[in-house]
Amino acid sequence: MSGGNIIGAKYLLFVEDTDDDGTGEIYLLKDIILDGKFDEYGPGQAYDYRNYKITDPTNATFRITGNYIDMKVKWASIGNPTSYGLMWATDQENPNLNQAPTTDHPDEEIGLVIHDVVAVSQWANVTEVEQGKFVKVTVEIENRGTSSESFDVTAYFGPRITCVKRVVNLPAGQTTTVEFDCPTEGVEPGVYVIRAFVDSAGEILEIDEDNNWCTAPASVTVKVHDVAAISQDANPTVVTQGESITINVVVKNLGNYTETFDVTIYYDSTPIGTQTVNNLAPGDQTTVSFNWDTTGVTPEIYFIKAFVDSARAINEFNEVNNNCTAITPVIVRSPAQPGISVEKAIARVVSGPDPPIAGIQTVYEIKIIVTNTGNVPLLKVNVTDSTWNIDWRIASLDPGHSGIMSFNYGIIPSSSGVFTLNRGQDLTATGRTEDYQYVSDTADLDLVVTAYTRDVVAVSQTPTKTTVIQGELVGIDVVVKNAGDYYGETFNVTLYYSSDGTTWTKIKPIDTIRVFGLGVNEEITLRFVWDTEAVPPGTYYIRAAADSGNELPETFENNNVCIQEAVIEIQVHDIVAVSQGVSATNVMSGRIVKITGLLRNDGSETETFTVRCYYGRPEIPLVQIESDQMITLAPGEQTTVNFYWDTSGVTPGAYWIEVRVLPVVGELDTYDNTCTVETSVTIKAYYVGGEIIAPPAISIINIMIVAILVAALVTVAIFLFKNRFWIK
């Protein structure tokens, strides 16, 4: 302050009732001509301050509480400075824009520290992506605080976590971008929302935690390649060797791209032929017809199989549906001699996982088919299987006819690997003609299944902070692993918290993260973010669960829940100046005024804090009464504190009293640290009363008259004295 003017300020934020309606307006002025003053804003000059009134309360606002005024300005409105100092001045006695009379007082310049990192926007380099390719996600980040910040940034892709990247020493007021390469391998088709989160580890105690999540919409549609064999049928199903069979295969494009691919059909494991399907549009299906000439084919029972994309030219979302699962048996019989054929096949899975999983039972429906492949009837057909203890008798079987036996068979694999349900040589069939020609056959195919171990594990759960202030965001890293050998696993992971270890609540805002295609022996770290805004203070247990939706039939289910101990303590720091009172509201100058403040600890922790007492009035700065007092309060405890104000030397007038608690570490609610109860004391000066009147001038005559009167009085007194003793 110099010569009554505020020198060197860049911005002037002031409140004034400029329209005399009894309500103040708030204005924000910038030193446009850079002379360190604000003379240019006078009415009729280059700039009129009345044009700079703030009408949007999100940019600037004020409030009056008792004899205090709080003003708030949006950081961006003053150019997002890297730091700032504050100076205030009142202008009551000589209201204008550029003068601060000598009765007004500036505060010392105060450097303030504000922490606030913001996810401004996010975007992807594509809006559609082919499954298996990468999406580049870019996140724009801004430091709206007053100091450099280092923090983690996490990107979520539907909401698979892609990775965490670290930003180091982002200067205050600066903007940067962070890029993520998001893999879509194994990601199911659909629309995925991209979400970016800054300070995802919850390292920084910020003034605004809500803007850490980016609200700018960004999404990517994952499209897939997927062709499938829908059905197959043969006509006829019984032929004499040398005849032809027409086999029709229905194929469909279940994906999002127009596809060209091969279709191959087999009898048992021998290919019959291959054809190409060209430009099959998404959602369309077509029928591919094959002609099988059975010339030279051994009379037997054969199973027809169709396989689409047999050249494996397409990287598909689902390779399992490329094989048609319908079993189509075809019988080729001999044209000139008696014959018999027996075969077996797995018709379907009745219950349990398919393929089978170690430790879990899978029940199969098994079919045994015996067929007269000759040209004459067969009598007394007998089918036996030593493994399954089958002894099946058929009285007669005409040429080209079959007998079918179905039964269920269950298996519980002990480990991963190939398991044989039945070997071919274990199954035999015999029969004879009317003239006693005997025929027999042994099954060609072994029934085998491949078992896998499926096991997803919650390996660890690690909070980035174990003590947080209520309202903070805290990051929790969960490591999950595919400990099995069954391809890539897709499953949900959910994180829970509990105050008692019994009742569990999902952690939000991210309560479940889906993992796509986690490879064999592969680990992934998922970062959950817990918003503690509405969580009561206390100690909480953390529990992560892999495959929380119980989608996967697993060999080991007991390791899905992480047993590693993880505890987070949520604290509240809040000291309240409840009320204040004075021993007298009107006192004479020089008297002692006792000021009593009631203080309470509304937090969850025992606090030791500083209490100060002030007196002041609008035209002078606050003056501290006595020295600081240190108080210790347990949670929920309250106490009174006394200050004694010696009013000697205090200029008469009305003064406001303020009992103020200095914020403790971690205290977010500081509005109630100063008592809002209005308390005033009026100091009065002592009165000096009476009127002094000067005596009139005394003359010589007056003096003589007074002397005669005095002599007479003395004579009378002597006479009376003598007479008194004479009488005695």
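Positions are given from 1, in the same order as the sequence printed here.
Counting only distance, with no hydrogens or angles, the side chain of D293 and the backbone of T295 share a donor-acceptor pair below 3.5 Å. A donor-acceptor pair under 3.5 Å is absent between the side-chain atoms of Q361 and the main chain of I411, judged by distance alone. When atom types are taken as modelled, the side chain of Q131 and the backbone of V222 share no donor-acceptor pair closer than 3.5 angstrom. Side chain of Q564 to main chain of Q461: a donor-acceptor pair is present (N/O by atom type, distance under 3.5 Å, no hydrogens or angles). Under the 3.5 Å distance criterion, the side-chain polar atoms of D547 are matched with a main-chain donor or acceptor of L552. Side chain of N256 to backbone of V224: a donor-acceptor contact under 3.5 angstrom is found. Formation of a donor-acceptor pair under 3.5 Å by the N291 side chain with backbone atoms of T246 is not found in this model. Between the side chain of D398 and the main chain of P377, no donor-acceptor pair closer than 3.5 Å is present. A donor-acceptor contact shorter than 3.5 Å links the side chain of Q275 to the backbone of S289. The backbone N or O of L518 sits less than 3.5 Å from a side-chain atom of N482, completing a donor-acceptor pair.
Note that K165 lies in the cation-pi zone of F180, set by a 6.0 Å cut-off to the ring centre and a 45° limit from the axis.
Relative ring orientation between W213 and Y156 is described as tilted, the plane-to-plane angle lying within the 30° to 60° band.
N321 contributes atom CG, which lies 4.5 Å from atom CG of D226 (distance to the nearest 0.5 angstrom). Atoms CZ and OG1, on F290 and T274 in that order, are 6.5 Å from each other to the nearest 0.5 Å. Here SG of C324 is found 8.0 Å from CD1 of I230. Values are rounded to the nearest 0.5 Å. Distance check, rounded to the nearest 0.5 Å: OG1 of T494 to CG of N560 gives 11.0 Å. How far CD of E551 is from CD of E489: 10.0 Å, rounded to the nearest 0.5 Å. Atoms NZ and OG1, from K506 and T512 in turn, are 4.5 Å apart once rounded to the nearest 0.5 Å.
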Taking it one step at a time, do L447 and I366 satisfy side chain to side chain contact (heavy atoms under 4.5 Å, CB included)?
-> CA-CA 9 Å; L447 285 189; I366 308 296; 4.0 Å; yes
Between E343 and K367, is a salt bridge (charged side-chain N to carboxylate O under 4.0 Å, His left out) present by the stated rule, with each step listed?
-> CA-CA 8 Å; E343 201 54 87; K367 284 189 177 182; over 6 Å; no
I would like to know whether V277 and V288 meet side chain to side chain contact (heavy atoms under 4.5 Å, CB included); could you show each step before the answer?
-> CA-CA 8 Å; V277 175; V288 183; 3.6 Å; yes
Please report the C-alpha distance between I542 and I507 in whole Å, then the side-chain angles of each, then the deciding distance to 0.1 Å, and finally whether the side chain to side chain contact (heavy atoms under 4.5 Å, CB included) criterion is met.
-> CA-CA 9 Å; I542 303 300; I507 280 183; 4.1 Å; yes
Walk me through it: do D426 and T387 pass the test side chain to side chain donor-acceptor pair (under 3.5 Å)?
-> CA-CA 6 Å; D426 295 331; T387 301; 2.9 Å; yes
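Under the salt bridge (Lys or Arg N to Asp or Glu O under 4.0 Å) criterion, R348 pairs with E365, sequence neighbours left out.
Taking the ring centroids of Y452 and Y487, they lie under the 6.0 Å cut-off. Side-chain rings of Y497 and W504 stay apart, their centers remaining 6.0 Å or farther from each other. Between Y364 and Y409, a ring centre-to-centre spacing not shorter than 6.0 Å is recorded.
A 6.0 Å sphere centred on CZ of F556 holds no more than 12 heavy atoms belonging to other residues, nucleotides or ligands. At most 12 non-hydrogen atoms from other residues, nucleotides or ligands lie less than 6.0 angstrom from CZ of R393. By the 6.0 Å contact criterion, CD1 on I563 is open, its count of non-hydrogen atoms from other residues, nucleotides or ligands being 12 or less. Around the CZ atom of R432, the shell of radius 6.0 Å holds more than 12 heavy atoms that belong to other residues, nucleotides or ligands. Dense packing is recorded around OH of Y266, with more than 12 heavy atoms of other residues, nucleotides or ligands lying under 6.0 Å away.
You'll find the side chain of I247 reaches within 4.5 Å of the side chain of I304, heavy atoms only. When side chains are defined from C-beta on, N422 counts as touching D385, because their heavy atoms get closer than 4.5 Å. F407 is listed as a side-chain neighbour of I390, based on a closest heavy-atom distance under 4.5 Å. When side chains are defined from C-beta on, T286 counts as touching V251, because their heavy atoms get closer than 4.5 Å. In this structure, T464 and D477 have side chains that are in contact, with non-hydrogen atoms separated by less than 4.5 Å. Side chains of T276 and T260 form a contact here, defined as non-hydrogen atoms less than 4.5 Å apart. A 4.5 Å side-chain heavy-atom check between F307 and I265 finds every atom pair outside the cut-off. Looking at heavy atoms from C-beta onward, I141 lies in side-chain contact with V167 at the 4.5 angstrom threshold.
Of the N and O atoms on the side chains of E243 and T294, not one donor lies less than 3.5 Å from an acceptor on the other residue. Side chain to side chain, E316 and N318 fail the donor-acceptor criterion of an N or O pair below 3.5 Å. Side chain to side chain, S440 and T430 fail the donor-acceptor criterion of an N or O pair below 3.5 Å. Under 3.5 Å, the side chains of D455 and T453 contain no donor-acceptor pair of N or O atoms. With hydrogens and angles left out, the side-chain atoms of R454 and T555 include no donor and acceptor closer than 3.5 Å. A donor-acceptor contact under 3.5 angstrom links the side chains of S416 and D485, judged on distance only. Side-chain atoms of T428 and T442 form no donor-acceptor pair, as typed in the model, at a separation below 3.5 Å. If you check the side chains of N248 and T287, you find no donor sitting under 3.5 Å from an acceptor.
Under the side-chain hydrogen bond (donor to acceptor under 3.5 Å, both in side chains) test applied with S402, the options N372, T373, T371 reduce to a single match, T371. For the salt bridge (charged side-chain N to carboxylate O under 4.0 Å, His left out) with K223, the lone residue among E128, E130, E188 that qualifies is E128.
Ionic pairing of E185 and K133 is not present here: no N-O contact between side-chain nitrogen and carboxylate oxygen is shorter than 4.0 angstrom. Using a 4.0 Å cut-off between charged nitrogen and carboxylate oxygen, R527 and D152 count as a salt-bridge pair.
Residue G400 comes nearest to V238 through the heavy atom pair O-CG2, 3.6 Å, listed as atom of the first residue, atom of the second, then distance. The shortest non-hydrogen separation linking Q241 to P335 is OE1-CD, 3.8 Å. Across all their heavy atoms, V529 and S200 have their closest contact at CG2-O, 4.0 Å. Pairing each heavy atom of T177 with each of E140, the nearest pair is CG2-CA, 4.2 Å. Contact detail for P399 and R333: the closest heavy-atom pair is CB-NH1, 3.5 Å. Looking at every heavy atom in both residues, V137 comes nearest to C182 through CG2-SG, 3.5 Å.
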